[in-house]
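Handing you a structure now.
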Amino acid sequence: MIKILVIDDNQAILNFLKVILLQQEKYEVQTLKESKNAFNILKTQRFDFLILDMDMPKVTGLDILKFINEEKIEIITIVLTGVEDIDLAISAMKLGTFDYMLKPVDEKKLLTTLNTITKEIKLSKSDIETSKKISLKHLKHKEAFSKIITKDENMLKMFFIIEKYAMVNNSVLIWGESGTGKELVAHAIHDISERRNKKFVAINAGAFANDLFASEFFGHSKGAFTGAIKDKKGFIEEANGGTLFLDEIGELSLPIQIKLLRFLQDEEFYHLGSTKNLKANVRIIAATNKNLFEEIKLGNFRKDLFFRLNINSILLPPLRERPDDIILLANHYLNLFNKRYKKNVTNISSSVKAYLVSYPFPGNIRELINIINSGIIVESTNELRKKSLPHYLLENNNITDELAERSKPKSLMEVEKEQIKRVLKFTLNNKSKAAEILGISRVNLIAKVKKYKIE
């Protein structure tokens, strides 16, 4: 049986959640009013879920979340709070909270979340627990992640969370720098969800002027503006029954944010130039490379819209925090561009690998793709070499040529050739002296000079 621990300093809420709601769904429920006892219970007992109040005396919900993180306790946490506190929300999310709900509790939403995740737990628990290391084989929907190239353990752990988010019909907010693969994650969520057979519509909110975005997003009626010669469906209608991915959500103007909020609340909207009420069943997945908490403080983003979008939250790490993935991705795109350009660049030199791994990649995976793309075009041998890298990468890199070469194991022939060149330079090309230093005959030295084509 799935075990749930509920921690709240309000006995009435504990009674309601245990007796009226959770036990009716056949969950095994334990409640705790004195939050100071949470540490011992969490450390000595095993629970699948924790429903946690944030605002409690002495030991707060945040204290308990920190303890769970420090002790590496495996538990799925759903936070309850009576206050829309932005700083508290982000702190809870950073500490691994699965969901964040405002009081009074939305019974239907809470049960839907618990029931959906419970199914996933029962299906995957035994497989994951018997494995010492997480891998793609433990995912139920591994095919949905086929376009995301990674062996990073934190990314693989995130895939398990994404699978759970996908099965619940909540909005999702994906955070991450440009080029980290936010649209790929959104597509994975859609492909796993029950909406997989419906359309996935992806749009960049920052690519449209505000007036044009309203028309494209909500659609318009004939005559709504000059050039509107017929009715036109918007993105919402196009994605009806499926998923609408809104990239760069932080770029939306405040008037458009209000309209989007209304749609998220009521699933209702109007064509531009019409008063007819329309409905659509669409899941919204939003993404941003902006700090929306700062945008809210500056008055550029609505707090109520943020809480509607950020029901489930995913933070994608930048490529510089996934060092093991850099060469994996580089080889993947090397093969891809070989086929595209009909080239035969089959290898990446050790020095190039050293430069790539030490580069911070401000443009993330998209920048790495561009580097491999341009490099393979200009490369004339079967190996991607340093000379094919863009100048800015070499100039803005902490690695030195000596360090790059150090990472390349050399054959005995290469070592011998370099030593002969060094000694000839030292002797001002006096082959007799050079042969004496090298401990070989002059005839042997001349033969090796010809063999290695040393000028």
Side-chain angles (χ1 to χ4, degrees), residues 1-33 35 38 41-42 45-56 61 64-65 68-69 73-82 89 92-93 95-129 138-141 157-173 189 192-195 264 283-285 307-314:
M1 184 179 286
I2 297 295
K3 294 179 67 177
I4 300 176
L5 175 63
V6 184
I7 305 176
D8 198 303
D9 63 335
N10 187 324
Q11 188 63 49
I13 291 176
L14 291 177
N15 293 340
F16 166 75
L17 288 174
K18 179 176 181 178
V19 180
I20 306 299
L21 197 62
L22 300 176
Q23 284 187 342
Q24 300 297 320
E25 297 290 318
K26 308 301 181 186
Y27 288 110
E28 183 180 333
V29 184
Q30 183 172 332
T31 61
L32 179 64
K33 186 179 179 183
S35 58
I41 289 175
L42 285 166
Q45 298 185 46
R46 173 79 170 83
F47 297 93
D48 297 291
F49 290 99
L50 170 63
I51 299 176
L52 178 66
D53 182 29
M54 292 301 280
D55 187 18
M56 296 181 290
I64 294 170
L65 287 174
I68 289 170
N69 251 30
I73 296 171
E74 293 292 330
I75 194 166
I76 298 168
T77 305
I78 297 172
V79 161
L80 303 181
T81 179
M93 289 166 203
L95 289 169
T97 297
F98 180 81
D99 214 340
Y100 190 92
M101 300 184 186
L102 294 176
K103 293 180 179 179
V105 178
D106 184 329
E107 299 172 30
K108 183 178 178 182
K109 179 186 171 185
L110 177 60
L111 287 178
T112 299
T113 301
L114 289 172
N115 292 339
T116 304
I117 302 171
T118 295
K119 290 177 185 176
E120 293 294 311
I121 289 173
K122 288 177 178 177
L123 287 168
S124 62
K125 183 189 283 188
S126 60
D127 193 18
I128 296 171
E129 286 182 351
H138 298 117
L139 291 167
K140 184 183 175 186
H141 303 278
K157 286 179 181 177
M158 190 181 299
F159 289 172
F160 284 95
I161 294 172
I162 290 169
E163 281 193 325
K164 293 177 175 64
Y165 283 167
M167 299 308 294
V168 183
N169 203 33
N170 293 336
S171 298
V172 178
L173 184 59
I189 293 171
I192 296 167
S193 76
E194 294 178 351
R195 298 173 179 267
L264 286 169
R283 183 184 195 172
I284 300 290
I285 301 178
F307 279 104
R308 280 283 175 181
L309 291 171
N310 199 45
I311 295 173
N312 295 132
S313 185
I314 297 168

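As a basis for the values below, the full set of heavy atoms in this structure was taken, side chains included, without hydrogen atoms, waters or symmetry mates.
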(request) Drop me the distance from Leu5's CG to Gln45's CD, to the nearest 0.5 angstrom. (result)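 The distance works out to 8.0 Å.
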(message) A side-chain contact here means heavy atoms from C-beta on lying under 4.5 Å apart; do Ile284 and Leu309 qualify?
(response)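 The answer is yes; the side chains approach within 4.5 Å.
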(message) If we count only N and O atoms by modelled type, under 3.5 Å, do the side chains of Arg195 and Asn169 hold a donor and an acceptor together?
(response)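 Side-chain D/A pair, Arg195 to Asn169: present.
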(message) For Ser313, is there any backbone N or O sitting under 3.5 Å from a side-chain donor or acceptor partner on Asn310?
(response)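 No; judged by distance alone, with no hydrogens or angles, the pair does not exist.
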(message) Using 0.5 Å steps for rounding, measure from the CG atom of Leu22 to the CG atom of Leu111.
(response)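 Interatomic distance, Leu22 CG to Leu111 CG, rounded to 0.5 Å: 6.5 Å.
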(message) Using every non-hydrogen atom in the two residues, find where Met56 and Asp8 come nearest and quote the distance to one decimal.
(response)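 Minimum heavy-atom separation between Met56 and Asp8: SD-CA, 4.0 Å.
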(request) Taking the side chain as every heavy atom from C-beta outward, state whether Glu163 and Lys140 have any pair of such atoms under 4.5 Å apart. (result)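 The answer is yes, as the side chains (C-beta and beyond) meet within the 4.5 Å cut-off.
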(message) I want to check something: taking the side chain as every heavy atom from C-beta on, are Leu65 and Thr97 in contact at a cut-off of under 4.5 Å?
(response)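 Side-chain contact under 4.5 Å: yes.
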(request) Indicate yes or no for a side-chain donor-acceptor contact from Gln24 to the backbone of Val19 under 3.5 Å, with no hydrogens or angles considered. (result)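 Between the backbone of Val19 and the side chain of Gln24 there is a qualifying donor-acceptor contact (under 3.5 Å).
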(message) Thr112 vs Lys108, test: side-chain contact (heavy atoms from CB on, under 4.5 Å). Steps then yes/no.
(response) CA-CA 6 Å; Thr112 299; Lys108 183 178 178 182; 4.2 Å; yes
(message) If I compare all heavy atoms of Ala166 with all of Ser193, which pair ends up nearest, and what's the gap?
(response)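 In terms of heavy atoms, the two residues are closest at O-CB, 3.3 Å.
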(request) Decide yes or no for Thr31 and Leu17: does some side-chain heavy atom of the first lie under 4.5 Å from some side-chain heavy atom of the second? (result)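 Counting from C-beta outward, Thr31 and Leu17 never come under 4.5 Å.
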(request) Check for a donor-acceptor pair, side chain of Arg283 on one end and backbone N or O of Val168 on the other, with a separation under 3.5 Å. (result)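 Checking the backbone N and O of Val168 against the side chain of Arg283, a donor-acceptor pair under 3.5 Å is found.
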(message) On a heavy-atom basis, which atom in Asn115 and which in Tyr27 lie closest, and how many Å separate them?
(response)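 Heavy-atom minimum between the residues: OD1-OH, 2.6 Å.
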(request) Would you give the length of the straight line joining atom CE of Met158 to atom CD1 of Ile314, rounded to the nearest 0.5 angstrom? (result)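 Going from the CE atom of Met158 to the CD1 atom of Ile314 covers 7.5 Å.
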(message) Give me the atom names and distance for the closest heavy-atom approach of Ile162 to Ile189.
(response)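 Ile162 and Ile189 have their closest heavy atoms at CG2-CG1, 3.6 Å.
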(request) List the steps, then state whether side-chain contact (heavy atoms from CB on, under 4.5 Å) holds for Gln11 with Phe16. (result) CA-CA 9 Å; Gln11 188 63 49; Phe16 166 75; over 6 Å; no
(request) Under the side-chain contact (heavy atoms from CB on, under 4.5 Å) rule, what do Ile78 and Leu52 come out as? Steps first, then yes or no, please. (result) CA-CA 6 Å; Ile78 297 172; Leu52 178 66; over 6 Å; no
(message) Just verifying a value: how many Å separate Phe47 CZ and Ile2 CD1, rounded to the nearest 0.5 Å?
(response)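 Reported value, rounded in 0.5 Å steps: 12.5 Å.
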(request) Using a 4.5 Å cut-off on heavy atoms from C-beta on, say whether the side chain of Ile76 contacts that of Lys164. (result)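 A side-chain contact under 4.5 Å exists here.
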(message) Testing the basics here: between Lys33 and Asp9, what is the closest heavy-atom pair and its distance to 0.1 Å?
(response)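 Taking every non-hydrogen atom into account, CE-O, 3.2 Å.
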(message) Within the supplied structure, the quantity of interest is the number of heavy atoms (other residues, nucleotides, ligands) at a distance under 6.0 Å from Glu74 CD; does it exceed 12?
(response)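 Not more than 12 within 6.0 Å, no.
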(message) Using side-chain contact (heavy atoms from CB on, under 4.5 Å), reason through Leu42 and Ile64 one step at a time and then give a plain yes or no.
(response) CA-CA 9 Å; Leu42 285 166; Ile64 294 170; 3.7 Å; yes
(request) Could you grab the distance from atom CG of Leu50 to atom OG1 of Thr77, nearest 0.5 Å is fine? (result)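 Interatomic distance, Leu50 CG to Thr77 OG1, rounded to 0.5 Å: 4.5 Å.
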(message) If I compare all heavy atoms of Leu110 with all of Leu21, which pair ends up nearest, and what's the gap?
(response)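 In terms of heavy atoms, the two residues are closest at CD2-CD2, 3.8 Å.
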(request) Starting at CD1 of Ile41, measure out to CZ of Arg46 and round the result to the nearest 0.5 Å. (result)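 The CZ atom of Arg46 is 15.5 Å from CD1 of Ile41, to the nearest 0.5 Å.
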(message) Any non-hydrogen side-chain atom of Val6 less than 4.5 Å from a side-chain atom of Leu32?
(response)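 Sidechains of Leu32 and Val6: no contact.
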(request) Report yes if some heavy atom in the side chain of Glu28 is under 4.5 Å from a heavy atom in the side chain of Ile4; otherwise report no. (result)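 When only atoms from C-beta onward are counted, Ile4 and Glu28 do not touch, as no gap falls below 4.5 Å.
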(request) Identify which one of Ile192, Ile285, Asn312, Thr113 satisfies the side-chain contact (heavy atoms from CB on, under 4.5 Å) criterion when paired with Tyr165. (result)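 Exactly one pass, corresponding to Asn312.
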(message) Would you say that Ile75 contacts Asp48 through its side chain, given a criterion of any heavy-atom pair below 4.5 Å between the two side chains?
(response)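 No, their side chains stay 4.5 Å or more apart.
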